[in-house]
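Inspection log for the structure reproduced underneath, given as structure tokens.
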Amino acid sequence: MEVRLQKFLAEAGIASRRKAEELIVMGKVQVNGKVVTELGTKVDTQKDVVLYQNKKVEMKQNFVYIMLHKPEGYVTTVKDQFQRPTVIDLLKDITERVYPVGRLDYDTSGLLLLTNDGDLTYCLTHPKHHIEKTYEAKLFGTPSEHNIIQFRRGIVIDGKKTEPAKLEILQKEKKYTTVRIVIQEGRNRQVRKMCQAIKHPVAQLKRIGTGTLFLKDLKKGNYRYLTQKEISYLKSL
Ligand code: URA
């Protein structure tokens, strides 16, 4: 994110914006090794190195934690090579540069966390942490008791067995069955591949929970900030 140098200094707690302007004009501030006296100078808060009194100035980062109900038809990458809409396009009034925690397929809807807290993202997406993810899916046909046992035992996808997973029947219709699925990993298209493996492919997929955080009544396309309690919970994982 690019900001004016005086704003950067003010937000880092060096001085008020007015006072920061004076410091700049007096030649007391360096950007990337050069003294800058121009007030309009912009700095990239991630890349540029700003020095004041020979010390690096760090912007106090404002960490934000967001829960989004992702609609189908959005990618969870920040930029898409095919110019498809990205989940970032949905965050209308968020000025921080946030990133999705993990991913959801283009055609999957549901709970997606986004944050600019890189440490938390790293922890939550690390394969050694088995954080339960809960999905509701509409499957073709009706899974059998044996399929439920297969999920519990693990299913080989992409040459590797999955961790034990839960499959629970919620509602049967003529052609489809609505199920709840809980997995512990986040492998690529894992739910779709597991359902394909038991020959009940996914028609519709929605993530409703990550750990103990659930979408509840958050409407599709809407988002909200996590509460302090929810943030502490995620950090405790
Ligand atoms: N499993 C899938 O197959 N797709 C997702 O988006 C998430 C989990």
Side-chain angles (χ1 to χ4, degrees), residues 63-72 74-78 86-88 90-91 94 96 98-139 148-168 170 178-198 202 204-218 220 222-237:
F63 285 133
V64 289
Y65 305 88
I66 293 162
M67 179 193 289
L68 167 73
H69 186 159
K70 173 195 176 296
E72 298 88 348
Y74 285 80
V75 291
T76 53
T77 44
V78 174
T86 86
V87 288
I88 305 297
L90 295 165
L91 307 178
I94 307 290
E96 289 83 3
V98 293
Y99 299 93
V101 178
R103 55 188 303 281
L104 279 181
D105 298 334
Y106 179 72
D107 41 1
T108 300
S109 65
L111 193 163
L112 185 71
L113 299 175
L114 298 111
T115 182
N116 53 354
D117 182 343
D119 289 340
L120 185 69
T121 301
Y122 177 79
C123 288
L124 292 179
T125 53
H126 198 284
K128 84 167 187 228
H129 293 125
H130 290 175
I131 300 162
E132 282 191 344
K133 284 149 203 115
T134 307
Y135 294 84
E136 262 180 33
K138 207 165 165 183
L139 306 185
I148 293 173
I149 295 167
Q150 284 179 295
F151 261 61
R152 210 179 295 145
R153 288 187 181 150
I155 293 175
V156 176
I157 55 169
D158 300 327
K160 190 168 169 260
K161 200 169 178 182
T162 60
E163 295 287 330
K166 285 182 215 151
L167 171 63
E168 186 191 341
L170 296 180
T178 305
V179 297
R180 181 173 298 132
I181 292 172
V182 183
I183 60 171
Q184 303 186 42
E185 307 141 285
R187 287 161 60 182
N188 187 29
R189 295 181 81 81
Q190 179 166 344
V191 173
R192 291 175 195 276
K193 285 175 184 170
M194 289 176 81
C195 295
Q196 189 73 44
I198 59 162
V202 166
Q204 241 178 50
L205 185 60
K206 175 180 176 184
R207 177 156 70 203
I208 59 165
T210 295
T212 61
L213 303 190
F214 280 81
L215 269 183
K216 296 192 183 141
D217 48 10
L218 187 64
K220 204 181 265 193
N222 287 3
Y223 56 92
R224 66 167 178 87
Y225 288 103
L226 295 187
T227 63
Q228 204 50 53
K229 205 167 152 198
E230 290 170 329
I231 297 166
S232 304
Y233 159 70
L234 290 175
K235 288 187 176 172
S236 76
L237 296 172

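Note: hydrogens, waters and symmetry copies are ignored here, and every other heavy atom, side chains too, is used.
Residues forming a ring-ring contact (aromatic ring centres under 6.0 Å, His included) with Tyr122 (at least two apart in sequence, or on another chain): His126. With sequence neighbours excluded, no residue forms a side chain to side chain donor-acceptor pair (under 3.5 Å) with Glu136. Evaluation of the salt bridge (Lys or Arg N to Asp or Glu O under 4.0 Å) rule for Asp105 yields Arg103, Arg189, Arg192 as partners, not counting sequence neighbours. Qualifying side chain to side chain donor-acceptor pair (under 3.5 Å) partners for Asn116, counting only residues two or more places apart in sequence or in other chains: none. Taking Glu163 as the reference, nothing meets the salt bridge (Lys or Arg N to Asp or Glu O under 4.0 Å) condition, with sequence neighbours excluded. With sequence neighbours excluded, the residues forming a side chain to side chain donor-acceptor pair (under 3.5 Å) with Lys220 are Glu72, listed by chain and number. Partners of Val156 under the side chain to side chain contact (heavy atoms under 4.5 Å, CB included) rule, at least two apart in sequence or in another chain, are Lys161. In this structure Glu168 satisfies the side chain to side chain donor-acceptor pair (under 3.5 Å) test with no other residue, sequence neighbours excluded.
The distance from atom NZ of Lys138 to atom CG of Leu170, rounded to the nearest 0.5 Å, is 13.0 Å. In this structure, CG on Leu167 lies 7.0 Å from CG on Leu139, to the nearest 0.5 angstrom. Put simply, OG1 on Thr108 and CD on Gln204 are 10.5 Å apart, with the number rounded to the nearest 0.5 Å.
In this structure the side chain of Leu90 reaches within 4.5 angstrom of the side chain of Tyr74, judged on heavy atoms. Counting heavy atoms from C-beta on, the side chains of Thr162 and Ile183 never come closer than 4.5 Å. Inter-residue side-chain proximity for Val78 and Pro100 is flagged as met; some heavy-atom pair is nearer than 4.5 Å. Looking only at side-chain heavy atoms (C-beta outward), Tyr65 and Leu120 come within less than 4.5 Å of each other.
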Could you walk me through whether Leu124 and His129 pass side-chain contact (heavy atoms from CB on, under 4.5 Å), step by step?
CA-CA 7 Å; Leu124 292 179; His129 293 125; over 6 Å; no
side-chain contact (heavy atoms from CB on, under 4.5 Å) for Ile155 and Ile198? Distances and angles first, verdict last.
CA-CA 9 Å; Ile155 293 175; Ile198 59 162; 3.8 Å; yes
What verdict does the side-chain contact (heavy atoms from CB on, under 4.5 Å) test give for Met67 and Leu226, after you've listed the backbone C-alpha separation in whole Å, the side-chain angles of each residue and the deciding distance to 0.1 Å?
CA-CA 6 Å; Met67 179 193 289; Leu226 295 187; 3.8 Å; yes
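Between the side chain of Gln184 and the main chain of Pro164, a donor-acceptor pair closer than 3.5 Å is present. Under a 3.5 Å cut-off, the side chain of Thr86 and the backbone N or O of Thr76 do not form any donor-acceptor pair. A distance-only check finds no donor-acceptor pair linking the side chain of Lys133 to the backbone of Ile181 [under 3.5 Å].
Sorted by first and then second residue, the salt bridge (Lys or Arg N to Asp or Glu O under 4.0 Å) pairs involving residues 222-235 (not counting sequence neighbours) are Arg224-Glu230. Counting only residues at least two apart or in different chains, side-chain hydrogen bond (donor to acceptor under 3.5 Å, both in side chains) contacts with residues 151-160 comprise Asp158-Lys193. Residue pairs satisfying the ring pair (Phe, Tyr, Trp, His ring centres under 6.0 Å) criterion with at least one member in residues 178-198, sequence neighbours excluded, are absent.
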Please tabulate, for the side chains in residues 206-216, all donor-acceptor contacts under 3.5 angstrom to protein atoms that are two or more places apart in sequence or on a different chain.
from: Arg207; atom 1: NE; to: Leu111; atom 2: O; distance (Å): 2.9
from: Arg207; atom 1: NH1; to: Tyr135; atom 2: OH; distance (Å): 3.1
from: Arg207; atom 1: NH2; to: Leu111; atom 2: O; distance (Å): 3.0

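None of Val101, Ile94, Leu112, Leu113 except one satisfies the side-chain contact (heavy atoms from CB on, under 4.5 Å) rule with Ile66; the exception is Ile94.
With a 6.0 Å radius and a threshold of 12 heavy atoms from other residues, nucleotides or ligands, Asp217 has its CG atom at or below the threshold.
Here the shortest heavy-atom pairing between Tyr106 and Val75 reads CD1-CG1, 3.7 Å.
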